[in-house]
Amino acid sequence: MERTIRVRFAPSPTGPLHIGGVRTALYNYLLARKYQGQFVLRIEDTDQNRFVPGAEKYILDTLQWLGIEPDEGPQQGGPFGPYRQSERKDIYQEYAQRLVQKGKAYYAFDTPEELDAMRERLEAAKIASPQYNAISREWMKNSLTLPQEEVSSRLHSGEPYVVRFKMPHKETIRFYDQVRGWVKVETATLDDKVLIKSDGMATYHLANVVDDYLMQTTHVIRGEEWLPSAPLHILLYQYFGWEQVMPQFVHLPILLKPEGHGKLSKRDADIHGFPIFPIGWHDPITKNYTPGFREKGYLPEALINFLALLGWSPGNNQELFSKEELVDAFSIERIGKSGVKFDIQKANWFNQQYIRKKSDQALASYLVVELEKNHIPYDIQQVQRVCHLLKERATFPQDFWIEGQVLFQPPATYDIDAIQKKWTPRLHYALENFVPILQNLTSFAADKIKEALITFLNEQEIKLNEMMPVIRIALMGKTAGPDLMQSMEIIGQTEAVNRIKAALETIEISRS
RNA sequence: GGCCCGUUCGUCUAGGGGUUAGGACAUCAGGUUUUCAUCCUGGCAACAGGGGUUCGAUUCCCCUACGGGCUACCA
């Protein structure tokens, strides 16, 4: 019997979402959509010490910005709530008790100091992996070693305790990962993980297994860093008697630093000057603000397209995918195994592609914001024409303002280098003589201006590519920019003439 | 250290027992253009190494090397 696909994205609210986490969310979302299943958001806030205010909202905002919104979650609710693990504490207690009763878990009373001492002792004895396990537990204070009466008196006296998983000593766990195939692990190398902490809250291990069972999760899609703890989770499913409904495991390749050493981390953002957080983050403790992909001008559809291809490939040469196309093409079988380096150049290229797909109207809104900020009056038709003109040249929305502001206001400065190279006395006088011609033009359409210019230059025996840079400097202040004639048309006759006159004066002065 | 996972151009990847090992980004060169950018054309560039298996291995197996992850009362 085929179950409805149910997947979950289970971040912990310990800070801003990492871009790798976003990819995990995306893959979950894509699978859910592809099979008309449900995408669940579960907040894994089992560690009260690491709780960061605002982090949950950040997660919600990010998913909303990207349009990968959950079907169930703390915000929208759902039949399997609550969706915050901190609100499910009692549930985990109950299931932990079941394990204790079955003899698969036990109480432990060791203090942190005692645990440290145990590890030191084992290290001193050159034990390969010092851990709380089938051997060392014999030496520790737990319900397996202490007399029954002492255990109950400790429990009843309110002494802090944890519940530990009783890892079998010699078993081989085999499980099938959808990405990696069969994985085999000896339980002898595993330890007695804490299931319930002394504050009464479950650890991730217990909570995620219980919740995935209760929430009828069919696929656990998560980062590769979870692979080592998968055997523990498998055992948990077995001991609870849930093998029949155990989810499929899908461990995603990890996102690596650009230089290729280690997991992509928050620090890489500063080092390389590219964002690593999806959206801006105000750190509530340091009060620092870190801009995200959104603030740097990456479009959500570009980010999604880029992320989708980081560890997954469609198997053909298609690179550009709408979200719908991704849903259609996505499959677990085509997820790669090896770690993936984060290449911001490729992300930029995607952004450029998506900027081009946008309409002039949509693009205009970016410019309007800047124009208003700078109190520059504008005509919306004009703004759209500017966007049309600049579209092929832009990678980020910001580029429209950077390149386009000179079409709304005169240049603040003139490029000295360019003047020295291109602005000769002969061209200066020619430009002076061209001003009246410009002024007398009855149509200021780009092609008419060009026509007049060419006629004029022919008479003067001046080459077009000599004069163009000079006009461009006069109008824009520099030699690079969009089509000059188009730009002039947008600037308009009066303004263009004024700018040339101003340049003629200013540059005359600065040269003498 | 132990355990686990991985390894095709610089990067993301396709491919797969016999291929000129394909594409994209980046890069370089040429072309178009009034400049820069775009665009077009082309170039450079990869199967980590060693053993097997096989008529034949980049592809299958093993080992080594390298890379990565995990090794908490964090997720």
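Small disclaimer: the values here were computed from a predicted structure and weren't measured. Every chain is numbered from 1 and lettered A, B, ... according to where its sequence line falls, protein lines coming before strand lines.
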[M] and [N], which share atom name [atom1], separated by this distance in whole Å:
{"N": "B:rC25", "M": "B:rC73", "atom1": "C1'", "answer": "46 Å"}
{"N": "B:rC70", "M": "B:rA75", "atom1": "P", "answer": "14 Å"}
{"N": "B:rU58", "M": "B:rU53", "atom1": "P", "answer": "15 Å"}
{"N": "B:rA72", "M": "B:rU13", "atom1": "P", "answer": "31 Å"}
{"N": "B:rA29", "M": "B:rG16", "atom1": "P", "answer": "37 Å"}
{"N": "B:rA48", "M": "B:rC9", "atom1": "P", "answer": "7 Å"}
{"N": "B:rU59", "M": "B:rG51", "atom1": "P", "answer": "13 Å"}
{"N": "B:rA21", "M": "B:rC66", "atom1": "P", "answer": "30 Å"}

Reckon [X] touches a base, only the sugar-phosphate, or nothing at all at heavy-atom distances under 4.0 Å?
{"X": "A:Pro253", "value": "nothing"}
{"X": "A:Lys184", "value": "sugar-phosphate"}
{"X": "A:Arg50", "value": "base"}
{"X": "A:Gly315", "value": "sugar-phosphate"}
{"X": "A:Asp110", "value": "base"}
{"X": "A:Val340", "value": "sugar-phosphate"}
{"X": "A:Ser338", "value": "sugar-phosphate"}
{"X": "A:Gly311", "value": "sugar-phosphate"}
{"X": "A:Ser198", "value": "base"}

Between A:Glu392 and A:Ser12, which is nearer to the 5' end of RNA chain B once each is assigned its nearest nucleotide?
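In this pair, the answer is A:Glu392.
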For A:Asn316 and for A:Met485, locate the closest nucleotide of RNA chain B by heavy-atom distance; then report the residue assigned to the nucleotide nearer the 5' terminus.
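The residue closer to the strand's 5' end, by nearest nucleotide, is A:Asn316.
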If you measure only the distance, is there a donor-acceptor pair under 3.5 Å linking the side chains of A:Asp45 and A:Ser86?
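Looking only at side-chain atoms, A:Ser86 and A:Asp45 do form a donor-acceptor pair, the distance falling under 3.5 Å.
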Taking OP1 and OP2 of [N], is either one under 4.0 Å from a side-chain nitrogen or oxygen of [X]?
{"X": "A:Thr46", "N": "B:rA75", "answer": "yes"}
{"X": "A:Arg356", "N": "B:rC39", "answer": "yes"}
{"X": "A:Arg393", "N": "B:rC36", "answer": "no"}
{"X": "A:Lys346", "N": "B:rU11", "answer": "no"}
{"X": "A:Ser129", "N": "B:rC3", "answer": "no"}
{"X": "A:Lys197", "N": "B:rC74", "answer": "yes"}
{"X": "A:Arg334", "N": "B:rG15", "answer": "yes"}

Watson-Crick/G-U partner (both atom distances under 3.5 Å) of [N]:
{"N": "B:rG1", "answer": "B:rU71"}
{"N": "B:rA65", "answer": "B:rU7"}
{"N": "B:rC60", "answer": "B:rG52"}
{"N": "B:rG42", "answer": "B:rC28"}

Which nucleotide in the set [options] lies at the smallest distance from any side-chain heavy atom of [X]?
{"X": "A:Leu256", "options": "B:rA72, B:rG69, B:rG68", "result": "B:rG68"}
{"X": "A:Glu319", "options": "B:rA24, B:rC73, B:rA26", "result": "B:rA24"}
{"X": "A:Pro228", "options": "B:rC4, B:rC70, B:rA26", "result": "B:rC70"}
{"X": "A:Ser313", "options": "B:rU13, B:rU11, B:rC3", "result": "B:rU13"}
{"X": "A:Glu225", "options": "B:rC25, B:rC73, B:rG69", "result": "B:rG69"}
{"X": "A:Asp47", "options": "B:rG68, B:rC36, B:rC74", "result": "B:rC74"}
{"X": "A:Asp343", "options": "B:rG69, B:rC12, B:rU11", "result": "B:rU11"}

In whole angstroms, how far is the [atom2] atom of [N] from the [atom1] atom of [X]?
{"X": "A:Asp191", "N": "B:rC4", "atom1": "CG", "atom2": "C1'", "answer": "14 Å"}
{"X": "A:Asn351", "N": "B:rA24", "atom1": "CG", "atom2": "C1'", "answer": "17 Å"}
{"X": "A:Asn133", "N": "B:rC70", "atom1": "CG", "atom2": "P", "answer": "21 Å"}
{"X": "A:Asp399", "N": "B:rA37", "atom1": "CG", "atom2": "P", "answer": "14 Å"}
{"X": "A:Lys337", "N": "B:rA14", "atom1": "NZ", "atom2": "C1'", "answer": "15 Å"}
{"X": "A:Leu484", "N": "B:rU38", "atom1": "CG", "atom2": "C1'", "answer": "17 Å"}
{"X": "A:Asp177", "N": "B:rG6", "atom1": "CG", "atom2": "C1'", "answer": "12 Å"}
{"X": "A:Gln318", "N": "B:rG15", "atom1": "CD", "atom2": "C1'", "answer": "18 Å"}

First locate atom CD1 of A:Ile419, then atom OH of A:Tyr414, and finally report the distance between them rounded to the nearest 0.5 Å.
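If we round to the nearest 0.5 Å, A:Ile419:CD1 and A:Tyr414:OH are 8.0 Å apart.
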Taking 4.0 angstrom as the limit, do A:Arg88 and A:Asp90 come out as a salt bridge?
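Result for this pair is no, no salt bridge flagged.
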Does A:Asp211 reach the main-chain N or O of A:Asn208 with its side chain, forming a donor-acceptor pair under 3.5 Å?
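No; judged by distance alone, with no hydrogens or angles, the pair does not exist.
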Hey, is the main chain of A:Arg50 close enough, under 3.5 Å, to the side chain of A:Thr14 for a donor-acceptor pair?
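Such a contact is absent between A:Thr14 side chain and A:Arg50 backbone.
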In terms of ring plane angle, is the pair A:Phe456 and A:Phe434 parallel, tilted or perpendicular, where the classes change at 30° and 60°?
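A:Phe456 vs A:Phe434 ring planes: tilted.
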Side chain A:Thr189 and base B:rC3 donor-acceptor under 3.5 Å:
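Counting by modelled atom types and ignoring angles, no donor-acceptor contact under 3.5 Å is found here.
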Taking the six-membered ring of A:Phe293, is the NZ or CZ of A:Lys296 close enough (under 6.0 Å from the centre) and on axis enough (within 45°)?
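A:Lys296 over A:Phe293 ring: no.
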Sort out for me which residue in A:Arg164, A:Lys166, A:Arg137 forms a side-chain contact (heavy atoms from CB on, under 4.5 Å) with A:Asn142.
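For A:Asn142, the side-chain contact (heavy atoms from CB on, under 4.5 Å) check succeeds only for A:Arg137.
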Does the pair A:Arg119 and A:Asp116 meet the rule for a salt bridge (charged side-chain N to carboxylate O under 4.0 Å, His left out), with working shown?
CA-CA 5 Å; A:Arg119 285 190 196 100; A:Asp116 286 344; 3.7 Å; yes
